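So the structure is just underneath, and the comments pick up after that.
Only this structure's heavy atoms are used, side chains among them; waters, hydrogens and symmetry mates stay out. Note that the coordinates shown come from a computational prediction; the quantities given were computed from them, not determined experimentally.
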Amino acid sequence: MKAPYWFPQSFFSRTLWLVLIVVLFSKALTLVYLMMNEDVLVDRQYSHGAALTLRAYWAASEEERHDLAKAAGLKRVTRDAVPPSEQHWPYSEIFQRQMQAELGPGTEVRLRAQSPPALWVHAPELGPDWVRIPLYPHPLRGQRIWSVLGWFLGIGLLSTAAAWIFVRQLNAPLKRLVFAARQLGQGRSVRLPVSDTPSEMAEVYRAFNQMAEDVERGARERELMLAGVSHDLRTPLTRLRLSLELMSSDSELTEDMIRDIEDMDAILDQFLAFIRDGRDERVEELDLGELVREVVAPYNQQEEQVRLCLEPLPPFPLRRVSMKRLLVNLIENALRYGGNGVEVAAFVAGDHTAPYVVLSVLDRGTGIDPAELQDIFNPFIRGDRARGGKGTGLGLAIVKRIAALHGGSVELRNRSGGGLEARVCLPLGLLLPRDAV
């Protein structure tokens, strides 16, 4: 959905408008609070009137004081008859400061807003006794500090909610970019929309889309180039092989040359398999155990070369041809370096929240130097120093790519007693647990 033309298009303008709206709204709430609590001003006026009444009371004669007290509702009381004061913020302080300012700094004030509301004042500079002044409900409504704190809390919650909305709005395009980058890293074709994002992120999205197009174009060109090389080389290799087979002068030399040609043909197949790693292959729900049996069956036609230890596995999304290629590469390596002690095992590991399938191909060969285990999955790297052999060094690189394409991982482990374990972990859910390998 595209943002309307009047909506701010950049993060700066959106932040500015958001802060402005929050400030204006908080000011409006403050104004409402003051309008609802206009008694603060009324109380100042009321305390001023009470101070004037006390001055007039103490300035009058004894006969006039009686008439004035009757008319104004005043009553002289002793200190013992004065009840303790109630605390009403900010009204208690208002009466105290107002009375001390008008009647002297030694003036004492006690205030009660409940049954009946009254004000007791002792002004030593005017007279010796306490005077009770009636207090009417309107000027002092019995407000406590919690009422004011409630207003401030409401404003704070509003500001927090606005900040949360802003942060979420800011993070949403970044999360989308992170997800798209991961999808691109897994070989999927992905593009980011630029019509409904702020102007700054729109530029980032355009750059990402351009990068994705360049990566996909480069991959297509590389695949076409290798496919063309393979096609062009296989024709002369086939002619050369036929010519060698027709030659009978030196059968041993001819056989060696035919094996070299077959090795060259296998190398071309490895290059193509490395480039075409199954990203375009259809994903289907498969039983990995049945797939393993199907791959291992040809190796055990004459005699059992590969032993199976398969536990029941639930069907889960796989690419059939790619998984077969993964198994063939691992089994071929194990047979080449481990002889007849090759075993394929599969079982479910992890808990119910993050289950995953472990597929292991084990042998009893010479193993690999631990210093080489980290680099052995890189293209064109072979563990020849430890195990010896021929090849392009792409077999394990292809295995790693196929495992990553299924959201999994692969690891090589030297076995106690000699040999190597190639362990592939494939998630049954969305993610592979960190402790899977």
(request) Give me the one residue out of Leu326, Leu327, Val328 that meets side-chain contact (heavy atoms from CB on, under 4.5 Å) with Leu330. (result) Leu326
(message) In the structure I gave you, are the side-chain heavy atoms of Val410 and Leu396 within less than 4.5 Å of one another anywhere?
(response) no
(message) Once rounded to the nearest 0.5 Å, what's the spacing between atom NZ of Lys400 and atom CG of Leu412?
(response) 10.5 Å
(request) To the nearest 0.5 Å, tell me how far Arg176 CZ sits from Phe208 CZ. (result) 12.0 Å
(request) Indicate yes or no: at least one non-hydrogen side-chain atom of Leu335 is less than 4.5 angstrom from one of Gln305. (result) yes
(message) Just checking Phe347: does its CZ atom have more than 12 heavy atoms from other residues, nucleotides or ligands closer to it than 6.0 angstrom?
(response) yes
(request) With sequence neighbours left out, write down each residue that passes ring-ring contact (aromatic ring centres under 6.0 Å, His included) with Trp120, or none if nothing qualifies. (result) none
(message) Is the shortest side-chain heavy-atom distance between Thr107 and Glu102 below 4.5 Å?
(response) no
(message) Applying side-chain contact (heavy atoms from CB on, under 4.5 Å), can you list everything that pairs with Glu108, at least two apart in sequence or on another chain?
(response) Arg79, His122, Trp130
(request) Can you see which heavy atom on Val348 is nearest to which on Pro314, and at what distance? (result) CG2-CD, 3.9 Å
(message) Donor-acceptor pair, distance only, cut-off 3.5 Å: does the side chain of Asn414 make one with the backbone of Ile368?
(response) yes
(request) State the CZ-CG distance between Phe179 and Leu174, to the nearest 0.5 angstrom. (result) 15.5 Å
(message) If I take atom CG from residue Asn300 and atom CG from residue Leu308, how far apart are they, to the nearest 0.5 angstrom?
(response) 6.5 Å
(message) Tell me whether Asn209 contacts the main-chain N or O of Ala212 through its side chain, where contact means a donor paired with an acceptor under 3.5 Å.
(response) no
(message) If you define the side chain from C-beta out and look only at heavy atoms, does anything of Val357 sit under 4.5 Å from Leu428?
(response) yes
(request) Enter the distance from Arg423:CZ to Ser409:OG here, rounded to the nearest 0.5 Å. (result) 10.0 Å
(message) Among Val342, Val344, Ile331, exactly one meets side-chain contact (heavy atoms from CB on, under 4.5 Å) together with Tyr299. Which residue is that?
(response) Ile331
(request) Write down the atom of Val424, the atom of Ala403, and the distance for their closest heavy-atom approach. (result) CG1-CB, 4.2 Å
(request) State whether the number of non-hydrogen atoms from other residues, nucleotides or ligands found under 6.0 Å of Gln210 atom CD is greater than 12. (result) yes
(request) May I ask you to decide if Pro173's main-chain N or O and Tyr205's side chain share a donor-acceptor pair within less than 3.5 Å? (result) yes
(message) On a heavy-atom basis, which atom in His406 and which in Ser322 lie closest, and how many Å separate them?
(response) CE1-CB, 4.4 Å
(request) Please report the shortest heavy-atom distance between Ala349 and Val358, naming the atom on each side. (result) CB-CG2, 4.0 Å
For a quick test of your reading: what N or O donor-acceptor pairs under 3.5 Å do the side chains of residues 283-293 make, sequence neighbours left out?
from	atom 1	to	atom 2	distance (Å)
Glu285	OE1	Phe316	N	3.4
Asp287	OD1	Gly289	N	3.0
Glu290	OE2	Arg293	NH1	3.3
Arg293	NH1	Gly289	O	3.4

(request) Using a strict 4.0 Å threshold on nitrogen-to-oxygen distance, state whether Arg191 and Glu216 make a salt bridge. (result) yes
(request) Of all the heavy-atom pairs spanning Val361 and Ala334, show the shortest one and how long it is. (result) CG1-CB, 3.9 Å
(message) Can you tell whether the side chains of Arg415 and Glu343 come within less than 4.0 Å, N to carboxylate O?
(response) no
(message) Would you compute the distance between atom CG of Asn333 and atom CG of Leu420 and round it to the nearest 0.5 angstrom?
(response) 9.0 Å
(request) Under the salt bridge (charged side-chain N to carboxylate O under 4.0 Å, His left out) rule, what do Glu294 and Arg320 come out as? Steps first, then yes or no, please. (result) CA-CA 11 Å; Glu294 183 180 337; Arg320 177 184 291 273; 3.5 Å; yes
